[in-house]
Amino acid sequence: MKKKRILLKVGSNTLTKETDNISRGKIEDIASQIAQLQDRYEFIIVSSGAIAVAKQFVKLESQREELFVKQALASIGQPHLIRIYQEIFREYGLLSSQCLLSYSDFEKKESKTNIVNTINVLVNNNYIPIINENDTVATDEIKFGDNDKLGALTASLLGVDLFIIATNTNGIYTKASFENNTPETISEVVDFDALKAEVVNSKSTHGSGGMASKVEAAALAKNSKIETWIVNGLEDHFIINAMENKVAFTKIKA
């Protein structure tokens, strides 16, 4: 049986459980679910969190603009982030690897071919690629939005079966319910233009995204005929619970 391929995008807010520290428990939750699902699914992860990890260790002094400080923090945090993933995944019998990509890689034919070939070799050998933007040379993730776009571009390039965005809400809420403080999840989206009218753009605390960047990412995936799920990654077992329809989340049809 051919396994279905899932690209899971995990933002900083999910990885820190909205605190100032990376949550090992959250990474354990992700590892535990992948271990349970690995007979039927293969996973590729796009993970933010390098800057959040670095902030736990260091406070950089600099007269330079904030962007350079963030890039330096990303450089310090990235090896720590991958080490945490590798340690925890190993406990669950999972192998992992690091892939750093830049948006310019998606613009060159040769780079795109290389990304696909490398990731296919990793996945076929049971390694879970953990992808982040190469923040020390690129600035788009820091500027653009918590790796949502990077996740969508990677999902599209690899032609995955499902794109899951883990965030800190139960999917996308209707605008009226959000404004009334009675959040109500839009469970299924077929009309994409109608969805755009519902989106309230609020930035997340650690991440640079917000719901608008997730909708843009879903639009990119939709163009490649990939279904997107926007799921509350703060909850335990969020992937399995969404698959079993035990939680409220937003499904954006391909």
Side-chain angles (χ1 to χ4, degrees), residues 8-35 43 45-62 66-67 69-92 94 96 98 128 130-133 135 141-148 150-151 164-173 178 181 183 185 200-214 217 229-242 247-250:
L8 170 65
K9 182 263 157 179
V10 190
S12 304
N13 260 19
T14 302
L15 279 182
T16 58
K17 286 184 125 182
E18 299 190 309
T19 66
D20 290 330
N21 295 310
I22 290 289
S23 163
R24 293 181 78 93
K26 181 41 63 184
I27 296 180
E28 282 172 9
D29 177 46
I30 292 167
S32 156
Q33 293 179 87
I34 291 174
F43 281 82
I45 297 173
V46 169
S47 175
S48 304
I51 293 171
V53 174
K55 283 178 175 171
Q56 291 173 218
F57 297 105
V58 292
K59 184 162 181 5
L60 292 186
E61 299 301 326
S62 177
E66 190 190 11
L67 178 64
V69 175
K70 282 186 170 176
Q71 285 180 292
L73 285 169
S75 166
I76 294 164
Q78 185 63 31
H80 286 292
L81 179 65
I82 287 296
R83 194 190 74 240
I84 296 166
Y85 267 110
Q86 285 190 314
E87 283 173 3
I88 292 171
F89 276 34
R90 201 179 297 127
E91 288 168 17
Y92 286 85
L94 303 172
S96 53
Q98 169 179 266
I128 297 163
I130 297 171
I131 299 166
N132 198 353
E133 195 190 348
D135 285 325
E141 192 250 347
I142 291 170
K143 284 182 182 168
F144 177 86
D146 218 17
N147 273 340
D148 295 319
L150 184 66
I164 298 177
I165 301 177
T167 185
N168 57 348
T169 60
N170 298 330
I172 302 172
Y173 301 136
F178 185 81
N181 281 333
T185 300
V200 180
N201 194 19
S202 53
K203 293 280 188 204
S204 50
T205 36
H206 279 288
S208 39
M211 206 42 84
S213 80
K214 286 161 185 53
W229 292 3
I230 300 178
V231 182
N232 192 336
L234 299 176
E235 303 291 334
D236 287 341
H237 317 302
F238 64 96
I239 303 167
I240 291 172
N241 283 344
V247 287
F249 69 99
T250 300

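Numbering starts at 1 and runs along the sequence shown. Keep in mind that what you see is a predicted model, and the values were worked out from it rather than measured.
- Nearest approach of I88 to A31, heavy atoms of both residues: CG2-CB, 4.2 Å.
- Heavy atoms only, all atoms of each residue included: N132 and A50 are closest at ND2-CB, 3.9 Å.
- Between I27 and L15 the shortest side-chain heavy-atom distance falls below 4.5 Å.
- One distance of note links CD1 of I45 with CD1 of I30; it measures 6.0 Å at 0.5 Å rounding.
- Separation of atoms CG (D236) and CD (Q33) is listed at 8.0 Å; rounding is to 0.5 Å.
- Ring geometry for F249 versus W229: interplanar angle of 30 to 60°, hence tilted.
- Here the side chains of T250 and T185 are in contact, with some heavy-atom distance below 4.5 Å.
- Going from atom CD of E91 over to atom OG of S32 covers 11.5 Å, rounded to the nearest 0.5 Å.
- The existence of a salt bridge linking R24 and E28 is excluded, since no basic side-chain nitrogen approaches an acidic carboxylate oxygen closer than 4.0 Å.
- Looking at heavy atoms from C-beta onward, D20 lies out of side-chain contact with Q56 at the 4.5 angstrom threshold.
- Note that the CD atom of Q78 and the CD atom of E133 stand 10.5 Å from one another [nearest 0.5 Å].
- Nearest heavy atom pair, residue A248 against residue N170, reads O-CB, 3.5 Å.
- Between L73 and A54, the shortest heavy-atom contact is O-CB, 3.1 Å.
- Side-chain atoms of L8 and F238, non-hydrogen and from C-beta on, do get closer than 4.5 Å to each other.
- At least one side-chain heavy atom of F43 sits under 4.5 Å from a side-chain heavy atom of I239.
- Judged purely by atom type and a 3.5 angstrom limit, K17 has no side-chain atom pairing as donor or acceptor with the backbone of I22.
- A donor-acceptor contact closer than 3.5 angstrom links the side chains of N168 and E18.
- By the neighbour-count criterion of 12 heavy atoms within 6.0 Å, atom NE2 of H237 is sparsely surrounded, having that number or fewer from other residues, nucleotides or ligands.
- The shortest distance between side-chain heavy atoms of T167 and K214 falls below 4.5 Å.
- Here the side chains of I128 and Y85 are not in contact, with every heavy-atom distance at 4.5 Å or above.
- Annotation for S48 and L81: closest pair O-CD2, 3.5 Å, computed over non-hydrogen atoms.
- Distance check: F89 CZ to S96 OG gives 6.5 Å after rounding to the nearest 0.5 Å.
- Note: N232 CG to T14 OG1 = 7.5 Å, rounded to the nearest 0.5 Å.
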